[in-house]
Each structure stands twice: as C-alpha cells, then as structure tokens.
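Report on one structure; see the data block that follows.
The figures that follow rest on heavy atoms only: side chains count, while hydrogens, waters and symmetry mates do not. Letters A, B, ... mirror the listed sequences (proteins, then strands); counts begin at 1. In this text the structure is predicted, and so the values were computed from the model without any measurement.
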2 protein chains.
Amino acid sequence: MTDLRDDRDSWSSENCSVARAMDIVGSRSTVLILREALLGTRRFDDFVRRVGVGEPAMAARLKEMVAAELLERIPYREPGQRTRHEYQLTRKGRELLPVITALRNWGDTWAANDTGPSVIATHHDCGEPIRAVLRCAAGHDITDGDVDIIPGPGLVRRD
Amino acid sequence: MTDLRDDRDSWSSENCSVARAMDIVGSRSTVLILREALLGTRRFDDFVRRVGVGEPAMAARLKEMVAAELLERIPYREPGQRTRHEYQLTRKGRELLPVITALRNWGDTWAANDTGPSVIATHHDCGEPIRAVLRCAAGHDITDGDVDIIPGPGLVRRD
DNA sequence: GCGCTGACTTCAGCAAACGCAAGTCAGACC
DNA sequence: GGTCTGACTTGCGTTTGCTGAAGTCAGCGC
C-alpha cells in the first residue's frame with residue numbers, strides 16, 4: 001500500500017500546489033478577469049464593465065495579475081488615438097484554461113439556473129462541446145474511484 | 001462566424017456558470033477543505049489541523065459547504081465512543097475533482113517550489129500520473145487555439 | 001453524577017477587500 | 001494652450017474573513 005490517504009497523518013500539506021495555485025488565482029475577481037481575458041477582453045474599461053467590479057478593485061487586481069505574470073501590460077496604438085496599454089494573457093495565464101473550463105463544466109451541471117448555460121466552448125474543427133476530463137499519461141480515462149495518491153519528491157514527512 | 005468573442009459587446013456575462021461556481025467554491029479555504037476531503041479527511045479536528053485555519057473559521061466554512069451540498073454531515077459511532085458527525089463529500093462535491101486536479105497540475109508547473117510536487121495522483125490500474133485535459137465530445141484533444149465560443153440557451157443578448 | 005473529550009460557539013479585535021465618489025494625469029486633437 | 005477621454009488613483013466608510021482565547025455542550029466511561 002503506497003496510497004498516502006491510508007496514513008494521512010504521516011505527512012503534511014504544507015508544500016501543496018493547490019494551495020500555492022489558490023494564493024495566485026484564488027479570488028473570485030481574478031477568475032472572472034481570466035474568464036474575460038480568455039474571451040478576448042484586453043482593455044481596462046472593458047474589464048471593469050464586463051466583470052462588474054469597480055475601477056479601484058480592477059486596477060489592483062490587474063496589477064497583481066501582471067506581477068504574478070498571468071497578464072502582460074503591452075502598449076498599443078489605434079490610429080488617431082494616443083498610446084494605450086492592453087492586458088494580454090501570458091502562457092502562464094492561458095494555461096489556466098483547463099481550470100476555468102472545469103469550473104464552467106461544474107457550474108453548468110451543479111449551479112445552473114433555469115435557462116441553461118449562456119455560452120458553450122466548442123472544438124473549432126468539429127463543433128463538439130469541450131469538457132475538462134481526467135486522464136492518465138497512458139491515455140486511460142479516469143473515473144471517480146480510480147485515483148491513487150502517491151508520494152512526490154517534495155513530500156514533507158512528519159517524524 | 002458564430003464565435004461570440006468577435007462581438008463581445010452584444011452579450012453579457014450576467015448569467016455565467018464560472019461566476020456561479022466561484023460564488024460557491026471561490027474561497028481559498030473552501031478549496032483546501034475540498035482538497036482534504038478528496039484525500040479522505042472527514043472529522044472536524046482533522047480538517048482544522050490539516051487545512052491550517054482556526055476552529056471558528058472552519059466551523060463556518062463547513063456549515064456553508066453543507067448548506068451548499070458539497071458535504072454531508074453524517075453521524076457515526078466508533079465502538080466505545082459516543083456518536084459523532086463526520087463530513088462526507090456528496091456527488092456534487094466529488095465532481096469538483098477535475099477542478100482541483102487542474103489547479104494542482106497548474107500549480108505543479110507554474111507555482112512549484114524547488115522540491116517538486118508533494119503528492120502525485122496516479123491511475124490505480126496502471127500507475128501513470130493523472131492530468132486534467134480538455135477534450136471535445138467527439139474525442140479530440142483540444143490545444144490552445146482550438147476553442148470556439150458559441151451561444152448557449154441561456155445567453156443574455158444586449159439590445 | 002463527574003470528568004473527559006471532540007466538536008463546536010461566542011466574543012473581541014484586526015486586516016484585507018470592496019463600492020462609491022471624486023480627483024489626477026497624459027497625450028492627441030483642435 | 002485648452003479640451004477631452006481613457007486609465008487610473010485617492011479617500012472613506014462598510015463588509016467579510018480570520019485569529020486567539022475562552023466558554024459551552026453532549027454523551028460515554030467510571
């Protein structure tokens with residue numbers, strides 16, 4: 001038996017990727033900004049309007065997200081306009097798409113309202129809806145009880 | 001062109017599954033409680049110790065999560081002990097596993113520390129590590145740019 | 001019926017987050 | 001040189017979340 005759940009008290013969760021991820025993307029407004037950014041929003045006032053938070057909160061969040069390297073602040077210039085800055089997703093930010101998709105899937109199923117989902121993500125090539133699913137490196141689909149939890153290199157054992 | 005991103009101002013995000021999901025599971029402690037519950041923790045004081053929040057905060061969170069039907073409060077009895085209650089994941093709670101897994105994958109890649117991940121989820125049958133991946137209903141793997149966003153039944157159009 | 005223990009609750013008190021309203025600032029256009 | 005606009009910043013009052021310490025409560029064993 002290598003499953004760590006069988007002896008949960010022999011190790012601690014102090015070095016936990018889930019916790020560290022939540023420290024970065026753990027707030028509601030950060031996730032909604034990511035949702036908008038993945039939908040193509042780039043400009044400050046569009047974020048304010050579409051996410052529905054006030055300007056001060058948005059300015060603070062965007063600054064945090066640039067510091068966390070989820071977004072990049074890039075100058076651009078529309079003809080006849082002065083230079084402005086837009087916020088573009090970095091690779092680090094774009095790779096949160098599975099998280100947002102998994103959240104959207106779950107919300108569609110378990111927190112739906114009467115009308116059904118407002119938007120559906122589909123595969124560009126075939127038009128079928130996209131879901132976040134669990135799969136192992138050998139290609140098997142994972143269902144609920146198929147998961148083992150084994151030690152990684154960074155595991156902190158308790159004495 | 002049906003992609004909604006091309007005309008982002010013609011519809012609003014007021015009916016959004018991501019936002020509704022975040023209203024339920026959007027706080028750091030809720031996610032960490034889910035992490036622990038998925039690792040098998042069930043008792044109040046174990047949650048307090050393993051998640052690392054105080055008793056009052058934990059009591060409040062667990063109550064919220066029971067009200068949100070992520071957890072069920074179930075009486076049990078160990079021999080020689082009085083009746084107690086434990087918190088078990090409901091189906092609604094268990095189905096957040098892809099969200100937690102996607103967060104863990106992302107954290108392992110983008111918010112890792114020097115030591116590497118502390119735990120690894122593996123497939124019970126074959127031992128290979130598990131990841132949350134995007135796939136369409138026709139079975140195609142989705143990479144970054146393959147996503148279209150199309151209207152769902154609950155879309156709120158702007159006039 | 002007394003003590004013990006696990007599972008909470010109650011009571012300050014602090015700190016971060018947010019909304020609203022108003023102010024600032026830079027640069028293109030006139 | 002003045003105006004206008006998008007992109008913020010500042011100030012303030014409120015809400016929310018959390019911590020620590022102390023108190024409560026329900027049984028089982030004795």
Q. How many Å lie between CG on D45(A) and P on dC8(D), as a whole number?
A. 9 Å
Q) Where the side chain of R73(A) is defined as all heavy atoms beyond and including C-beta, which of dG20(D), dC8(D), dA7(C) is the nearest nucleotide? A) dC8(D)
Q: For H140(A), check ring-ring contact (aromatic ring centres under 6.0 Å, His included) against everything at least two apart and list the hits.
A: H123(B)
(Q) What is the separation between atom CD on E64(B) and atom P on dT16(D), rounded to the nearest whole Å? (A) 11 Å
Q: Rounded to the nearest angstrom, tell me the gap between atom CD in E55(A) and atom C1' in dT9(D).
A: 10 Å
Q. With a 4.0 Å cut-off on heavy atoms, is R28(A) in touch with a base, just the backbone sugar-phosphate, or nothing at all?
A. nothing
Q: Ignoring backbone atoms, test whether R49(A) places a side-chain nitrogen or oxygen under 4.0 Å from the OP1 or OP2 oxygen of dG6(D).
A: no
Q.
OP1 or OP2 of dA7(D) versus the side-chain N and O atoms of Y87(A): is any pair under 4.0 Å?
A. no
Q. When you check the phosphate oxygens OP1 and OP2 of dG6(C), does a side-chain N or O of R43(B) lie under 4.0 Å from one of them?
A. no
Q) Are S29(B) and dC18(D) close enough that a side-chain N or O sits under 4.0 Å from OP1 or OP2? A) yes
Q.
Other residues, nucleotides and ligands only: do more than 12 of their heavy atoms fall within 6.0 Å of CZ on R91(A)?
A. no
Q) Can a side chain N or O of K63(A) be found less than 4.0 Å away from OP1 or OP2 on dT9(D)? A) yes
Q. Which residue pairs pass the side-chain hydrogen bond (donor to acceptor under 3.5 Å, both in side chains) test with at least one member in residues 96-106 of chain B, sequence neighbours excluded?
A. none
Q: Give a yes/no on whether any side-chain N or O of R84(A) is located under 4.0 angstrom from OP1 or OP2 of dA28(C).
A: no
Q.
If you only use heavy atoms from C-beta on, which nucleotide in dA7(C), dG19(C), dA7(D) is closest to the side chain of V53(A)?
A. dG19(C)
Q.
Nearest to the side chain of P56(B), heavy atoms from C-beta on, is which of dC8(D), dA21(D), dC20(C)?
A. dA21(D)
Q: Identify which nucleotide among dC8(D), dA7(C), dC18(D) has an atom closest to any side-chain atom of Y76(B), counting heavy atoms from C-beta outward.
A: dA7(C)
(Q) Classify F47(A) by what it touches in the nucleic acid, base, sugar-phosphate, or nothing, heavy-atom distance under 4.0 Å. (A) nothing
Q) Picking from dT19(D), dC8(D), dC18(C), which would you name as closest to the side chain of A57(A)? A) dC18(C)
**Q.** Atom-pair distance (CG on L71(B); P on dC8(C)), nearest Å
**A.** 12 Å
**Q.** Separation of atom CZ in F44(A) from atom C1' in dC8(D), rounded to whole Å
**A.** 5 Å
Q | Sugar-phosphate, base or nothing in reach of V48(A), heavy atoms under 4.0 Å | A | nothing
Q.
Any side-chain to backbone donor/acceptor pair from N15(A) onto G154(A)? Under 3.5 Å, distance only.
A. yes
Q) Taking the side chain from D146(B) and the backbone from T143(B), do they hold a donor-acceptor pair closer than 3.5 Å? A) yes
Q | Candidates dT9(D), dC8(C), dC18(C) - which lies nearest the side chain of R61(A) | A | dC18(C)
